[in-house]
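Inspection log for the structure reproduced underneath, given as structure tokens.
Chain letters run A, B, ... following the sequence lines, proteins first, then strands; residues in each count from 1.
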There are 2 protein chains.
Amino acid sequence: MGKGRNRISNRIREHRFHAGGMTQAELAETVGVTRQTVIAMEQGRYSPSLEVAFRTARAFGAPLTEVFFYDEDENG
Amino acid sequence: MGKGRNRISNRIREHRFHAGGMTQAELAETVGVTRQTVIAMEQGRYSPSLEVAFRTARAFGAPLTEVFFYDEDENG
DNA sequence: CTCCAATGTCATAAAAACTAGACATGATGT
DNA sequence: ACATCATGTCTAGTTTTTATGACATTGGAG
């Protein structure tokens, strides 16, 4: 969907560090995606599929809504 | 992604009816997607993007995790 | 019965997510 | 200096999501 910038933000990085310094590669394997996907996701370059989002949150033992956020502003 | 069946389930239909009989077409316009997307999503034929999932939940005034569910069984 | 709204299907095509591999850089360690 | 790990970039390709439009079915209302 992406006309302009992404309305989705996340705290993947914080969760990785909080999880004892889990690397992007480790997270990727746990989630079942490639390292590239983790990097792009973490940088907010695109919003992942709901399934990947759920598995990512689950990798941290956190609910999805504590890892991903919908920034609502303007036209909504 | 998507080898076997979908691990994502949802209660979109229940929320639609609970929201005073909101139609699929109305939901589609509120969310900003087409009617087809709502139908496929509601039937669980695929897991939507996180952004669409957030907007869908928001259309019901409910948190994402009350509309979409990650069914974890086997090889998680 | 006829009209219409709501749901659903099918096919085609564009856009976005995701994969795979090569390569660059900064930090850390030997 | 050399090796290694973690991060990040780039290009190119596959898969999935999403759009568009045409059409079938069901149920209710006039």
Side-chain angles (χ1 to χ4, degrees), chain A residues 1-60 64-65 67-72 75-76, chain B residues 1-60 64-65 67-72 75-76:
Chain A
M1 316 236 49
K3 358 173 160 185
R5 61 174 42 70
N6 248 341
R7 287 184 173 77
I8 304 282
S9 61
N10 69 82
R11 288 192 191 143
I12 295 178
R13 206 173 195 97
E14 290 87 327
H15 276 277
R16 278 203 301 114
F17 290 143
H18 190 263
M22 181 186 230
T23 69
Q24 293 176 332
E26 286 168 342
L27 176 58
E29 204 189 344
T30 302
V31 173
V33 295
T34 60
R35 198 167 59 86
Q36 313 255 16
T37 299
V38 166
I39 291 174
M41 207 165 54
E42 187 167 312
Q43 292 177 339
R45 286 221 303 268
Y46 55 64
S47 66
S49 70
L50 188 53
E51 188 163 354
V52 169
F54 265 121
R55 290 212 300 263
T56 300
R58 197 169 176 287
F60 298 129
L64 189 149
T65 47
V67 180
F68 296 96
F69 305 89
Y70 183 67
D71 307 327
E72 34 202 326
N75 44 24
Chain B
M1 323 245 55
K3 339 130 192 236
R5 63 169 46 70
N6 247 340
R7 288 185 173 76
I8 304 283
S9 62
N10 69 82
R11 287 192 191 144
I12 294 179
R13 205 173 196 98
E14 291 87 325
H15 277 277
R16 278 203 302 115
F17 290 143
H18 190 262
M22 182 186 231
T23 69
Q24 292 177 333
E26 286 168 342
L27 176 57
E29 203 189 346
T30 302
V31 173
V33 295
T34 60
R35 199 166 58 84
Q36 313 255 18
T37 299
V38 167
I39 292 174
M41 209 165 52
E42 186 166 313
Q43 293 176 339
R45 287 222 302 269
Y46 56 63
S47 65
S49 69
L50 188 54
E51 187 162 355
V52 169
F54 265 121
R55 290 211 301 262
T56 301
R58 198 170 175 286
F60 297 130
L64 191 149
T65 46
V67 180
F68 297 95
F69 305 89
Y70 184 66
D71 307 326
E72 34 202 324
N75 44 24

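Taking side-chain N and O atoms only, A/S49 has a distance below 4.0 Å to OP1 or OP2 of C/dC18. Within the 4.0 Å cut-off from OP1 or OP2 of C/dT7, at least one side-chain nitrogen or oxygen of B/R16 is found. Between A/Q43 and D/dT9 there is a side-chain polar atom (N or O) within less than 4.0 angstrom of OP1 or OP2. In terms of phosphate contacts, A/T37 brings no side-chain nitrogen or oxygen within less than 4.0 Å of OP1 or OP2 of C/dC18. For D/dG8, one of the phosphate oxygens OP1 or OP2 lies less than 4.0 angstrom from a side-chain nitrogen or oxygen of A/R13.
Going from atom CZ of A/R35 over to atom P of D/dA6 covers 10 Å, rounded to whole Å. D/dT16 atom C1' lies 14 Å from atom CD1 of B/I8, rounded to whole Å. A/Q24 has its CD atom 12 Å from the C1' atom of D/dC5, to the nearest Å. For the pair B/E29 CD and C/dA6 P, the computed distance is 13 Å after rounding to whole Å. When rounded to the nearest whole Å, the span between CZ of A/R7 and P of C/dA16 equals 13 Å. One atom, CG of A/L50, and another, P of D/dT16, lie 16 Å apart when rounded to the nearest Å. Here C/dT19 presents its C1' atom at 14 Å from CE of A/M41, a figure rounded to the nearest Å. Put simply, CG on A/L27 is 13 Å from P on D/dG8, counting in whole angstrom units.
Side-chain proximity of A/P48 to C/dA17, D/dT18, C/dC18: nearest is C/dC18. Side-chain proximity of B/Y46 to the nucleotides C/dT9, C/dC18, D/dT18 is greatest for D/dT18.
If you check distances only, the side chain of A/R45 never reaches the base of D/dG8 with a donor-acceptor pair under 3.5 Å.
For the pair A/H15 and A/L27, the minimum side-chain heavy-atom distance is 4.5 Å or more. You'll find the side chain of A/F54 stays beyond 4.5 Å of the side chain of B/S47, heavy atoms only. You'll find the side chain of A/H18 stays beyond 4.5 Å of the side chain of A/F60, heavy atoms only.
Across A/I8 and A/D71, no two heavy atoms sit closer than the pair C-OD2, 4.3 Å.
Within the 4.0 angstrom heavy-atom criterion, only backbone atoms of the sugar-phosphate kind lie near A/T23; the bases stay farther away.
When the shell of 6.0 Å around CD of A/Q43 is examined, it contains more than 12 heavy atoms from other residues, nucleotides or ligands.
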